[in-house]
Amino acid sequence: MRLCERSTIRRFMTYNFNEIEKKWQDFWAKSQTFKAKNDSEKPKYYVLDMFPYPSGAGLHVGHPLGYIASDIYSRYKRHKGFNVLHPQGYDSFGLPAEQYAIQTGQHPALTTEENIKTYRRQLDQIGFSFDWSREVRTSDPSYYKWTQWIFIQLFDSWYNNTSNKAESIDTLISIFASEGNANVDAVCDDHIESFSASEWAAFSSEKKQEILLKYRLTYLAETEVNWCPALGTVLANDEIVNGVSERGGHMVVRKKMTQWSMRISAYAERLLHGLNDIDWTESLKESQRNWIGKSIGAQVEFKVQNSEFKIPVFTTRPDTIFGVSFMTLAPEHDLVENIVTDAQKLEVEAYIKTTAKRSERDRMSDVKTITGVFTGAYAEHPFSKEPIPIWIGDYVLAGYGTGAVMSVPCGDQRDYDFAKHFNIPIPNIFEGIDISEEAYASKDNVVISNSDFLNGLSYKEATKKAISELEKLGQGEGKINYRLRDAVFSRQRYWGEPFPVYYVDGLPQMIDKQYLPIRLPEVEKYLPTETGEPPLGRADVWAWDTQKGEVVKNENIDNETVFPLELNTMPGWAGSSWYFFRYMDAQNDEVFAGEEALEYWKDVDLYIGGSEHATGHLLYSRFWVKFMKDRGFVSIEEPFKKLINQGMILGTSALVYRVVANSESEETERVYTDFFVSRKYSELILSDSEVAKKLKQRIRDYYIIEKNNENFSKPFTIEISPLHVKVDYVNPSDELNIDDLKNDKEFGKDFRDAIFIGENGHVIEGDNDTYKVGHEVEKMSKSKYNVVNPDAICEQYGADSLRMYEMFLGPLEQAKPWNTAGISGVNGFLKKLWKLYMGDNGLKVTEVEPTAESLKTLHKTIKKVEEDIESFSFNTSVSTFMIAVNELTAQKCASKEILEPLLILLSPYAPHIAEELWNQLGHDESISTAPFPIFDAKHLVESTKKYPISFNGKVKFTLELPMDMTKEDIEKEVMTHEKTLAQLEGRTPKKVIVVPGKIVNIVG
RNA sequence: GCUCAAGUGGCGGAAUUGGUAGACGCGCUGGAUUCAAAAUCCAGUUCUUCGGAGUGCGGGUUCGAUUCCCGCCUUGAGUACCA
């Protein structure tokens, strides 16, 4: 079957990329070339991109970098005979659409839809081989139906430490019914009362629900959250950067609120352990390890003297227990008010007040200031029974460990500084170590002394011994602590997944699966209500009718059969934590993905995306997948086998140099003049040069004579103020298009009176001189005016050039600057390639036998390109192609045997031109599944080698010798050569190193 | 502070079981073609006092180091009173 009309040759005599690319994009769409089947004889391969949030600004050239890399890999795998799943979709719930809705009143669904259209058009024009039939959108009810379903499953589960997995809540209920909770080892809230089977049976239904909530994997609890007043919502820990919100940089405060939380802490150990089995970069794994923050140590209980109170502390150094000279509690610690003595009460209260006033941010940024106060109370050392003063200090965090520390000043720098500051003794328990200047925090070379039964032991031995002795006393045990906290899952926003939850007597109830999805209600405004409820509080139709099984008007709420619905929505990471499963079976209406599809595709073989998701999305996804495995919904433990972070593409900003006049009179005045100097002068005029003097005179003349501005008659100095201008107005030679700049809608008026002084020092009028801009490499962003739009690049150079150039810029994982000027290189390469196949009279390729030289070129290209793709070194492949085309052109190669396989090699990188030439060569079907050429080493065999002959390691000349020459013969040949004799000038070399096939080195 | 990356021409970068540093491309210079421009083609392009020197700096191992080892410096990213 002929799938595509062969092009009329005449039209394509020259490389017309716009026409070619449009043609093949249409062809791929029409023939569904990249549609993946869920059953196939071929082995599966799943390549995934982190799906984008469709923002209103559209794509810039930095966004598709990862998509191009994954597309090359996908196309390569198809050539290699794999059934490839390469889908794309949109993470379409999120703050920007909602903020826009708040400002304009436009429904976020509408703006999201529009933005997606732009994204789709931009993605299509780059020629990606996505299977769009599997597209997902997290904001689509048919998708979030299953996000809600997973939430219900989490609610219906608890974590059993004994079986080390999540189980249905029913198993917990039956344990309670048969034996109470005494023997249950679960990950749950602290301080759960213990009860027997008969007590459980006697509990009211409400009481049972309250207890179960403390065990569920998603639970409702009053927690201290990060509240962001400006955004009107809570934020997760990973959404806060340097104490302010990641989005917008707004202030964040601590606040107690009733919120849904995810018991991710149950999975801390498995999340940590699983990192060993996946192929991610070490730095990414390291971030996750730090975030999970496992510390091994002991929990130790200190009795408070003259009271029944006990202070539990967590320490990683139980071996230093005899070095304790004081204890420190966090100011927020519950015990503080109970133990403080009357004498110290006022001072302690005052201190707590001042620390509470300090925001989280102040406390974080101000690490140097040591503050604290003595409580007046003493604890008792578990072994020596000596009294230990109890202090409070804000260097101890309420949220970590137990909120209290046993302070060992000789072994911890913070304790040391605190002790020095308050004149607390610093006992030394390390043999032969000087602690007069600072604490000795290392665990190496430790010999414990002054420590009773621990004397003479190393860190390891002492730790073991101390724990076992504490256990004997009943005052401690070995313990592992994690930094990872449970994740808050409620957001006070509109544009997110609604919870499938209604409330009976204040207790949450799940809506039955058959009624999902629970769709977002309509609201008048997207702001919180006047009473501070989330935006869903504005909905009129937001109540659950348990009889009808539908959402009804709020006025029907009777708390008998109709109940209020949850007003919070889910956070951004809800939908992205499982989307990779949905792609496997995107249309399924019965389950989140069918069993067969899940079994076939299993996991993501290659995942490419940005490193900013290191501790958010990538951790939550792993958590959900482990949970889903525990409950038998999926069979995999880790979702992403191999992961690569693409580096950021930086923008090259364009700068113009405005001249600033500083008056030299007493009241220094800064005047931004209308003069702009070209790049060359931006540095020259800073010195007290002739140029500067001339320019000063010119400015003086202009303002005094033409503008009648007498201020410039006073003496002044000049300096330069760089100013960003849009890179669109700069050509590849850095020349500024002044007319376009002056006509710019946004800031053209700022330049209306501008006087530009060109590279040759002339005031620019017409084309008498050119103005060159300066550069700065920085993040690509709208505010820096350095955003390069891929639409313009595709228009001017074509998608194939864009794809190849993005790869050519440098290693995938490194950050690198974009410079549009460089694209002419790959564009020129594609033109040259085209000419290799097409001449003035049409197709040049013939059945002629290839030369040995051409075969060598082809096969070394096959080898290199294959190695490069396998190791994700796409940048070096592009050079390899350039070299191959340069060589084949020089060889005047026209042989189909060479040029046909070359197209397959190139097709993952430049699919449009490859398809077109493939078609011209007489193929009726797409190149996309043509088998990858097979490398044959026999074409690379050489008979001679040009030996570099070096003297003391420096190469002086080369000598061509047969490959099969022996070491002895090579030495003889080299040593008698006239150039060797000339180099030696009669000296006798000490030594001659001959490495056959590599090098000869003469020493002496 | 800690952790992880990375430092090579004017620029992006290439080369590591240790073996001709600067591939490929941009830019630049000169030339051809053209009425001219664009496009295309050809030649050159690390520095140099023409001896040499040279991969952030200082040492070391080696016949030989961008590559391995030790000690520094710089830049970037992440993280941070985590007991």
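To find a chain, count down the sequence lines: A is the first, B the second, and so on, and within it residues start at 1.
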Below the 4.0 Å mark, does [N] have OP1 or OP2 next to a side-chain nitrogen or oxygen of [X]?
X: A:Lys990; N: B:C63; result: no
X: A:Tyr400; N: B:C81; result: no
X: A:Arg485; N: B:C82; result: no
X: A:Asn886; N: B:G25; result: yes

Can you work out whether A:Thr316 or A:Gly822 has the more 5'-proximal nearest nucleotide on RNA chain B? A:Gly822

Closest nucleotide of RNA chain B for A:Ser824 versus for A:Val1003: which of these residues is on the 5' side?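 Comparing both residues, the 5'-ward one is A:Ser824.
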
Between [X] ([atom1]) and [N] ([atom2]), how many Å, whole number?
X: A:Arg483; N: B:U79; atom1: CZ; atom2: C1'; value: 7 Å
X: A:Met807; N: B:C24; atom1: CE; atom2: C1'; value: 16 Å
X: A:Glu612; N: B:G76; atom1: CD; atom2: C1'; value: 16 Å
X: A:Lys294; N: B:A83; atom1: NZ; atom2: C1'; value: 17 Å
X: A:Met648; N: B:G78; atom1: CE; atom2: C1'; value: 12 Å
X: A:Leu619; N: B:G78; atom1: CG; atom2: P; value: 17 Å
X: A:Phe881; N: B:G25; atom1: CZ; atom2: C1'; value: 15 Å
X: A:Arg317; N: B:A83; atom1: CZ; atom2: P; value: 11 Å

Taking the six-membered ring of A:Trp280 as reference, does the NZ or CZ atom of A:Arg622 fall below 6.0 Å from its centre and within a 45° cone about the axis?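 That pair qualifies as a cation-pi contact.
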
One thing to verify: whether A:Lys420 and A:Glu438 come together as a salt bridge, which I'm taking to mean a side-chain N less than 4.0 angstrom from a carboxylate O. no

Does A:Thr880 reach a base, just sugar-phosphate, or nothing at all? Heavy atoms under 4.0 Å. nothing

Need one value for A:Lys285: base, sugar-phosphate or nothing, where a base atom within 4.0 Å counts as base even if backbone is also close, heavy atoms only. nothing

Is it true that, when you exclude A:Met965 itself, more than 12 heavy atoms of the residues, nucleotides or ligands shown sit nearer than 6.0 Å to its CE? yes

Can you confirm whether more than 12 heavy atoms, excluding those of A:Lys294, are under 6.0 Å from its NZ atom?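 Yes, enclosed.
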
Polar side chain donor-acceptor pair, [X] to [Y], under 3.5 angstrom:
X: A:Thr958; Y: A:Tyr947; answer: no
X: A:Ser653; Y: A:Asn786; answer: yes
X: A:Thr652; Y: A:Asn819; answer: no

When rounded to the nearest Å, what value does the distance between [atom1] atoms of [N] and [M] take?
N: B:C73; M: B:G58; atom1: P; answer: 15 Å
N: B:G25; M: B:C68; atom1: C1'; answer: 32 Å
N: B:G1; M: B:A65; atom1: P; answer: 34 Å
N: B:U66; M: B:A14; atom1: C1'; answer: 11 Å
N: B:G54; M: B:U48; atom1: C1'; answer: 10 Å
N: B:G9; M: B:U55; atom1: P; answer: 10 Å
N: B:U40; M: B:A53; atom1: P; answer: 41 Å
N: B:G12; M: B:A80; atom1: C1'; answer: 35 Å

How long is the span from the OG atom in A:Ser781 to the CG atom in A:Leu650, to the nearest 0.5 Å?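 Answer rounded to 0.5 Å: 11.0 Å.
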
Reported OG-to-NZ distance for the pair A:Ser801 and A:Lys831, which is rounded to 0.5 angstrom: 8.5 Å

Using O4'-C1'-N9-C4 for purines and O4'-C1'-N1-C2 for pyrimidines, with syn meaning within 90° of 0, is B:G9 syn or anti?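 Classified syn.
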
Is B:G51 syn or is it anti, if syn means the base angle is within 90 degrees of 0? syn

Any chance you could list the contact pattern along nucleotides 1-20 of chain B? Use B for base contacts, S for sugar-phosphate-only contacts and - for none, protein heavy atoms under 4.0 Å, 5' to 3'. --SS-------BSS----BB

Worked check of ring-ring contact (aromatic ring centres under 6.0 Å, His included) between A:Phe17 and A:Tyr15: CA-CA 6 Å; A:Phe17 46 81; A:Tyr15 173 42; 5.6 Å; yes

Are side-chain heavy atoms of A:Leu906 and A:Leu833 found at a separation under 4.5 Å?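 With C-beta onward as the side chain, the pair touches.
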
Can you give me the dot-bracket string for RNA chain B, 5' to 3', counting Watson-Crick and G-U wobble pairs with both distances under 3.5 Å, using [ ] for crossing pairs and | for partners on another strand? (((((((..(((......[....)))((((((.......))))))((....))..(((((..]....))))))))))))....

